[in-house]
Amino acid sequence: MGILAWILLGLLAGIIAKMLMPGKDPGGIIITILIGIAGGLLGGWLGKVIFGVDSIDGFFDLSTWIAAIIGSLILLIVFRLFRRAAR
């Protein structure tokens with residue numbers, strides 16, 4: 001996938017992750033995009049390491065979206081934990 005596809009996938013995965021975990025988060029759309037992009041990479045890596053599958057096949061593959069959303073949820077949880085600890 002190209003860089004623009006990763007950014008779009010990351011944006012949408014980050015938004016979906018925030019919808020699944022509502023609450024106040026500092027940051028805006030930029031943080032959402034960054035968490036989504038990093039979450040997509042994390043989800044793809046975890047899918048490959050844990051399950052031995054290539055979960056980053058293409059933009060329209062369901063496995064790509066599931067991996068990106070799960071990775072985004074993981075990173076959103078970690079982000080919230082670090083923000084609470086910093087207070």
Side-chain angles (χ1 to χ4, degrees):
M1 289 191 322
I3 189 72
L4 292 177
W6 275 109
I7 292 172
L8 179 61
L9 176 68
L11 170 67
L12 296 174
I15 290 171
I16 292 169
K18 276 199 170 191
M19 287 180 1
L20 292 173
M21 286 186 57
K24 283 193 127 184
D25 287 322
I29 192 75
I30 300 297
I31 298 298
T32 300
I33 292 171
L34 294 176
I35 287 175
I37 292 170
L41 294 173
L42 175 66
W45 179 75
L46 287 175
K48 189 175 286 192
V49 170
I50 294 172
F51 300 112
V53 296
D54 189 18
S55 58
I56 306 296
D57 290 331
F59 187 79
F60 293 106
D61 286 341
L62 183 60
S63 62
T64 302
W65 285 91
I66 291 171
I69 293 168
I70 289 173
S72 296
L73 285 170
I74 291 169
L75 288 183
L76 187 57
I77 290 168
V78 170
F79 179 71
R80 286 183 179 181
L81 290 174
F82 277 117
R83 293 300 290 184
R84 284 189 191 158
R87 290 182 185 176

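All residue numbers refer to positions in the sequence shown, counting from 1.
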Shared hydrophobic cluster for Leu81 and Phe79 (ILVMFWY, side-chain gaps under 4.5 Å):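 Same hydrophobic cluster.
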Closest non-hydrogen atom pair between Arg80 and Met21, with its separation: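 The pair with the smallest heavy-atom distance is NH2-O, 2.5 Å.
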For the student: nearest non-hydrogen atoms of Gly14 and Ser72, plus distance: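 So the minimum-distance heavy-atom pair works out to N-OG, 4.1 Å.
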Qualifying residues under side-chain contact (heavy atoms from CB on, under 4.5 Å), relative to Ile69, sequence neighbours excluded: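 Here the qualifying residues are Ala13, Ile16, Leu20, Leu73.
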Any residue meeting side-chain contact (heavy atoms from CB on, under 4.5 Å) with Leu42, in chain and number order, not counting sequence neighbours: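 Only Trp45, Leu46, Ile74, Leu75 meet the side-chain contact (heavy atoms from CB on, under 4.5 Å) criterion with Leu42.
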